[in-house]
*Asks:* 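To start, I am sharing the structure in question, which I have written as structure tokens.
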Amino acid sequence: MLLYVDILSERNDEMFSDAFPVKRRTDILPLRSKIVDDIVYEVDCQLITVKSGADVDIGLYASIMPFVGICVSSAYVNTGANPSAEDADEALEDGATQVNNVVHSFRLQSTSFDKKSYLTYLKASFSLLEKLPEDRREAFEKGAQAYAKKIVANFKDYEFYTGENMDAEGMVGLLNYREDGVTPYFTFWKDGLKEVKL
């Protein structure tokens, strides 16, 4: 399994792993990694129900979740089909909450930006990546500028998340929804991450 760690901050927060499937727009089956335009990773995620003090029912991910930071003795996680409205209300009455599985697993922290402050953050982050190998630097600059324009054009659609340590200079993940309006996914800058094999 691969863990993706923030290299922009000194604390190297864990941002996601390849345990979370990512779908290519042209593929039917989930994949374990996807690089878009050779510049960002897109990571599909979903809402899960978490209840303190119960057992874990994580279905497909049962064999991998201990490696990605979910404490199996203190949370109930049900990743089954979406409950009906009555079931959802009942679950909340029992103290359960719905959380994003990537946010929950890697303890990502919500933050906010306006367009101006996000562009300032990007400029500062991109300057830290000047340490890229010479053969990668030109492709990064070209691809990053083009992808940043896509983000700015749809800025109101994004939610922003930092790593667990909330390092202002670290990686900021962007949460958005696929064309169906239901499936959440994160976008992470490829060159701001390091792969760690577990």
Side-chain angles (χ1 to χ4, degrees), residues 1-24 30-36 39-80 95-113 118 121-122 124-125 128-129 147 151 157-178 182-198:
M1 174 171 25
L2 296 175
L3 185 65
Y4 292 85
V5 176
D6 175 8
I7 61 170
L8 298 176
S9 71
E10 294 180 9
R11 294 188 168 174
N12 300 113
D13 286 331
E14 298 171 355
M15 301 304 284
F16 68 98
S17 78
D18 66 349
F20 294 89
V22 179
K23 296 178 184 177
R24 293 184 193 261
L31 300 174
R32 291 291 179 214
S33 64
K34 163 124 193 251
I35 300 174
V36 178
I39 201 72
V40 297
Y41 289 104
E42 286 187 355
V43 181
D44 278 350
C45 43
Q46 64 184 4
L47 290 179
I48 57 173
T49 302
V50 177
K51 181 178 177 188
S52 295
D55 294 331
V56 174
D57 173 14
I58 53 179
L60 172 65
Y61 299 106
S63 62
I64 57 175
M65 282 312 208
F67 298 110
V68 294
I70 289 183
C71 179
V72 295
S73 63
S74 66
Y76 171 75
V77 180
N78 180 354
T79 61
T97 58
Q98 284 203 316
V99 296
N100 180 292
N101 60 351
V102 172
V103 171
H104 182 73
S105 296
F106 295 96
R107 297 171 295 283
L108 301 182
Q109 304 296 315
S110 180
T111 190
S112 62
F113 287 95
Y118 185 70
Y121 159 79
L122 279 183
S125 296
L128 295 174
L129 295 172
Y147 206 86
I151 293 170
D157 298 334
Y158 290 100
E159 296 175 33
F160 303 93
Y161 288 84
T162 64
E164 178 180 15
N165 292 300
M166 299 182 73
D167 188 336
E169 295 178 357
M171 173 70 65
V172 173
L174 300 118
L175 179 66
N176 198 351
Y177 291 83
R178 298 268 181 224
V182 184
T183 307
Y185 71 97
F186 269 99
T187 301
F188 295 98
W189 295 96
K190 173 188 164 195
D191 293 287
L193 298 166
K194 172 178 68 175
E195 290 181 359
V196 177
K197 191 169 188 173
L198 298 179

*Asks:* Taking distance alone, no hydrogens or angles, what donor-acceptor pairs closer than 3.5 Å link side-chain atoms of residues 190-198 to residues at least two apart or in another chain?
*Replies:*
residue: K190; atom: NZ; partner: D38; partner atom: OD1; Å: 2.8
residue: D191; atom: OD1; partner: R136; partner atom: NE; Å: 3.1
residue: D191; atom: OD2; partner: R136; partner atom: NE; Å: 3.4
residue: D191; atom: OD2; partner: R136; partner atom: NH2; Å: 2.7
residue: E195; atom: OE2; partner: Y4; partner atom: OH; Å: 3.3

*Asks:* Grab the two heavy atoms, one from F20 and one from S105, that are nearest each other, plus how far apart they are.
*Replies:* CZ-OG, 3.6 Å
*Asks:* For the atom pair CZ (F186) and CD (E42), what is the distance rounded to the nearest 0.5 Å?
*Replies:* 12.5 Å
*Asks:* Atom CG of D18 and atom CG of L2: how far apart are they, to the nearest 0.5 Å?
*Replies:* 4.5 Å
*Asks:* In sequence, state the C-alpha distance, the side-chain angles, and the governing distance for Y177 and T183, and then conclude on side chain to side chain contact (heavy atoms under 4.5 Å, CB included).
*Replies:* CA-CA 5 Å; Y177 291 83; T183 307; 5.9 Å; no
*Asks:* List in chain and number order the residues that pass ring-ring contact (aromatic ring centres under 6.0 Å, His included) with Y121, two or more places apart in sequence or in another chain; answer none if no residue qualifies.
*Replies:* F113, Y118
*Asks:* Looking at residues at least two apart in the chain, or sitting in another chain, which of them share a side-chain hydrogen bond (donor to acceptor under 3.5 Å, both in side chains) with N165?
*Replies:* R11, D13
*Asks:* Does N12 have any side-chain hydrogen bond (donor to acceptor under 3.5 Å, both in side chains) partners at least two apart in sequence or in another chain, and if so, which?
*Replies:* none
*Asks:* Starting at SG of C45, measure out to CZ of F16 and round the result to the nearest 0.5 Å.
*Replies:* 11.0 Å
*Asks:* Measuring from atom CG of N100 to atom CZ of F106, what distance do you get when rounded to the nearest 0.5 angstrom?
*Replies:* 11.0 Å
*Asks:* Is N101 reaching over with its side chain to a backbone N or O of I48, donor-acceptor style, under 3.5 angstrom?
*Replies:* no
*Asks:* Test: salt bridge (Lys or Arg N to Asp or Glu O under 4.0 Å). Region: residues 160-171. Which pairs qualify, not counting sequence neighbours?
*Replies:* R107-E164
*Asks:* Between F160 and Y158, how do the two ring planes meet: parallel, tilted or perpendicular, split at 30° and 60°?
*Replies:* tilted
*Asks:* Distance check, rounded to the nearest 0.5 Å: D157 atom CG versus I151 atom CD1?
*Replies:* 11.5 Å
*Asks:* Rounded at 0.5 Å granularity, tell me how far CG in L175 sits from OH in Y185.
*Replies:* 9.0 Å
*Asks:* For a side-chain contact (heavy atoms from CB on, under 4.5 Å) with M15, tell me which candidate from V5, V172, L108 qualifies.
*Replies:* L108
*Asks:* Restricting to non-hydrogen atoms, name the atom on G163 and the atom on Q109 that form the minimum distance, rounded to 0.1 Å.
*Replies:* O-CG, 3.5 Å
*Asks:* How would you list, by chain and number, every residue that makes a side-chain hydrogen bond (donor to acceptor under 3.5 Å, both in side chains) with S9, sequence neighbours excluded?
*Replies:* D6
